[in-house]
**Q** 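After the structure tokens below, expect a handful of questions from me.
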Amino acid sequence: MRVALFHPRFDAPRGAEKVCLVHAHALRALGWDVKLLCFDWQGAQFSPADHALDPRLLPAPRRLWSGRPDPATLAALAAELEDRDVAVAHNYPASAYLGHAPAAVPRRWYCEEPFRALYVPETRPGLHRAYLDGRLDRGSQVGRYYRRALRQSAWNLALNPRYRGKRAADRAGVARLDGVAANSAATAEVFATIYGRAAEVLYCPVDFPPALPPPAADGGPLRILTMGGFSPLKGLTLLLAGFERFLERTRAPVALEIVGAGRERADVERAIAGSRTAACARIHGWISPSELAALRAQCHAFAAMPADEPFGLVFGEALAQGLIAVGPDHGGPVEILGGGEYGFVADPFVPASIAGALERLLALGSAERQALRERAFAAARARFDAAELPARLERWLRPPPAR
């Protein structure tokens, strides 16, 4: 099979870029002929194995006042698809362009999330519910961010013909695709709300070790890892509010290990300064994969409270490494955690709810903790193991035999 994988820009090894490349390598492992298409490739950011995919550059779309697809980009894309048996888009605007391309090849979209800037409330259902019912503090970092996003979206819909044109072109392009797979049931539900059609679920791949890793040593503080970034939607300030409430209610020794980088780090440091959390939190910034592995081996649990997360790869990775996870009660993370069967869930907008989840974690005895680790590892491996990805991709992409 000859397949084209189309992702807009490989300018940094973020989650979506990594998933596209993992799909490319998985299909190559099946013996498929993989053609990688993009508008931009920053090779220094990626591995030699990724370079071997030999990405082909398409002309980046021009900013047309109508918001419609650029004909020059569509023509170049169609030419690249002439020798393919199937094509798959990863991320907007590749999804829309693939639908509009004048090519006869079957076209699909691996949807990690619809484009948030075009569909502000629709792509953030949990956050939007909290905004409407008052659980979200509108003066908080997350609340200010979301108020601005809603206001900008309203003005664009009312006054910006290019924005309206991009939304219309996106919907029209997706309507022409032959199939869509979402990275979670939560994403599939958002997709159906926006586009009025169904998407099947094909989970993001997670690397699993051959067996459940040993637990971190007891005898010291309960060590909790958090990572995922400092931007508002990543919800670190929400977790910190709950952690501070947790510290008010316990005298047990605990430690919070914060991994991440970003321009919002200074805001997080100011939020921690002078609080109870300051005495037991460390901000590591960016660390290498080997350093992260060593830190994970010292931790007993993982906690994060993203305001709205379509999948939550960090939760799958935490379960794969044997950490007990604490996450939000909506979006992709609650799906990964089985609604609380494979970890602890809390309302990310209610600090007392987060504190309660952390207290339940702290109350686990060693036997209960081990049983939960084993149950979560097995359930996550059955759904997300990257070793199963090639077979799952083949079932999704290969046409059924003719009758």
Side-chain angles (χ1 to χ4, degrees), residues 9-19 21-22 42-47 50 140-142 144-145 204 206-207 213 216-217 220-244 246-247 253-309 311-328 332-333 348 351 354 358 361:
R9 289 176 177 82
F10 292 93
D11 53 354
R14 295 178 293 263
E17 290 75 13
K18 289 180 181 178
V19 169
L21 293 170
V22 167
Q42 299 297 322
Q45 300 285 331
F46 299 94
S47 71
D50 297 331
S140 67
Q141 180 203 43
V142 179
R144 294 193 305 272
Y145 159 84
C204 276
V206 177
D207 288 321
L222 177 72
R223 198 169 296 279
I224 302 171
L225 171 68
T226 187
M227 58 185 292
F230 297 152
S231 64
L233 283 182
K234 297 303 182 181
L236 179 57
T237 56
L238 300 177
L239 175 65
L240 291 173
F243 194 78
E244 185 73 8
F246 168 62
L247 292 179
V254 293
L256 183 64
E257 308 285 358
I258 303 171
V259 173
R263 62 180 181 272
E264 299 90 354
R265 175 172 175 168
D267 295 334
V268 171
E269 290 174 335
R270 281 193 294 270
I272 294 175
S275 68
R276 290 178 176 84
T277 301
C280 57
R282 290 193 299 172
I283 299 180
H284 296 265
W286 182 90
I287 59 178
S288 69
S290 60
E291 291 170 321
L292 177 59
L295 180 60
R296 275 190 177 131
Q298 300 170 34
C299 291
H300 304 94
F302 172 85
M305 287 291 151
D308 234 310
E309 175 61 60
F311 180 67
L313 187 61
V314 288
F315 288 92
E317 292 172 340
L319 299 188
Q321 296 304 315
L323 301 182
I324 295 173
V326 180
I354 300 171
L358 293 171
L361 165 66

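Predicted model only: the values in this text are computed from it and were never measured.
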**Q** List for me each residue that meets side chain to side chain contact (heavy atoms under 4.5 Å, CB included) alongside Ser275, sequence neighbours excluded, and say none if there are none.
**A**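 In terms of side chain to side chain contact (heavy atoms under 4.5 Å, CB included), with neighbours along the sequence ignored, Ser275 is linked to Glu244, Ile272, Thr277, Ala278.
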**Q** Which atom pair, heavy atoms only, marks the closest approach of Leu323 to Cys299?
**A**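 Leu323 and Cys299 have their closest heavy atoms at CD2-O, 3.1 Å.
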**Q** For Ala16, which residues count as a side chain to side chain contact (heavy atoms under 4.5 Å, CB included) partner, sequence neighbours excluded?
**A**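 Listed in chain order: His7, Asn91, Glu112.
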**Q** What are the two closest non-hydrogen atoms of Ile354 and Pro348, and how far apart are they?
**A**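 Where Ile354 meets Pro348 most closely, the heavy atoms are CD1-O, 3.7 Å.
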**Q** Restricting to non-hydrogen atoms, name the atom on Gly242 and the atom on Leu358 that form the minimum distance, rounded to 0.1 Å.
**A**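 In this case the closest contact between Gly242 and Leu358 is O-CD1, 4.5 Å.
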**Q** Of the non-hydrogen atoms in Gln45 and Pro13, which two are nearest, and what is the gap between them?
**A**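 Taking Gln45 first and Pro13 second, the nearest heavy atoms are OE1-CD, 3.5 Å.
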**Q** So do the side chains of Met227 and Phe302 get within less than 4.5 Å of each other, counting heavy atoms only?
**A**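 Yes - at least one pair of side-chain heavy atoms lies under 4.5 Å apart.
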**Q** Can you find a heavy atom in the side chain of Ile224 that is under 4.5 Å from one in the side chain of Thr226?
**A**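 The answer is no, as the side chains (C-beta and beyond) never meet within the 4.5 Å cut-off.
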**Q** Just so I know, are the side chains of Pro328 and Pro306 near enough to count as touching, which here means a heavy-atom distance under 4.5 Å?
**A**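 Contact flag for Pro328/Pro306 side chains = yes.
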**Q** Look up atom CZ in Phe10 and atom CG in Asp50, then write down how far apart they are to the nearest 0.5 Å.
**A**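 The distance works out to 8.5 Å.
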**Q** Not counting sequence neighbours, list each pair that qualifies as a salt bridge (charged side-chain N to carboxylate O under 4.0 Å, His left out) and has a residue in residues 284-308.
**A**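 Non-adjacent pairs meeting salt bridge (charged side-chain N to carboxylate O under 4.0 Å, His left out): Arg296-Glu317.
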**Q** May I ask you to decide if Ala217's main-chain N or O and His300's side chain share a donor-acceptor pair within less than 3.5 Å?
**A**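 Yes, His300 side chain to Ala217 backbone: donor-acceptor pair under 3.5 Å.
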**Q** Taking only residues two or more places apart in sequence or in another chain, which ones pass salt bridge (charged side-chain N to carboxylate O under 4.0 Å, His left out) with Asp11?
**A**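 Salt bridge (charged side-chain N to carboxylate O under 4.0 Å, His left out) check on Asp11 returns Arg14.
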**Q** Using every non-hydrogen atom in the two residues, find where Val142 and Ala307 come nearest and quote the distance to one decimal.
**A**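 Between these two residues, the closest heavy atoms are CG1-CB, 4.0 Å.
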**Q** Side-chain donor-acceptor contacts of residues 229-240 below 3.5 Å, not counting sequence neighbours, with atom names and distances?
**A**
from   : atom 1 : to     : atom 2 : distance (Å)
Thr237 : OG1    : Gln141 : OE1    : 3.1

**Q** Applying salt bridge (charged side-chain N to carboxylate O under 4.0 Å, His left out), name anything that partners Arg9, two or more places apart in sequence or on another chain.
**A**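 Here no residue qualifies.
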**Q** Rounded to the nearest 0.5 Å, what's the gap from CD1 on Ile258 to CZ on Phe243? Could you check?
**A**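 Those atoms lie 8.5 Å apart.
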**Q** Among all residues two or more places apart in sequence or in another chain, which pass the side chain to side chain contact (heavy atoms under 4.5 Å, CB included) test with Ala325?
**A**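 Partners of Ala325 under the side chain to side chain contact (heavy atoms under 4.5 Å, CB included) test: Phe315, Leu319, Leu337.
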**Q** Output all residues satisfying side-chain hydrogen bond (donor to acceptor under 3.5 Å, both in side chains) with Asp267, sequence neighbours left out; order by chain, then residue number.
**A**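 Arg270.
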**Q** Provide the closest heavy-atom pair for Ala216 versus Ala297 in the form atom of the first, atom of the second, distance.
**A**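 Nearest pair, atom of Ala216 first, then Ala297: CB-O, 3.5 Å.
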**Q** Under the side chain to side chain donor-acceptor pair (under 3.5 Å) rule, what pairs show up with a residue in residues 255-265, not counting sequence neighbours?
**A**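 Listed by first then second residue: Arg223-Glu257, Glu257-Arg282, Glu257-His284, Arg265-Glu269.
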**Q** Under the side chain to side chain contact (heavy atoms under 4.5 Å, CB included) rule, collect the residues that match up with Ala261, sequence neighbours excluded.
**A**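 Testing Ala261 for side chain to side chain contact (heavy atoms under 4.5 Å, CB included), a comparison that skips the adjacent residues, returns Trp286.
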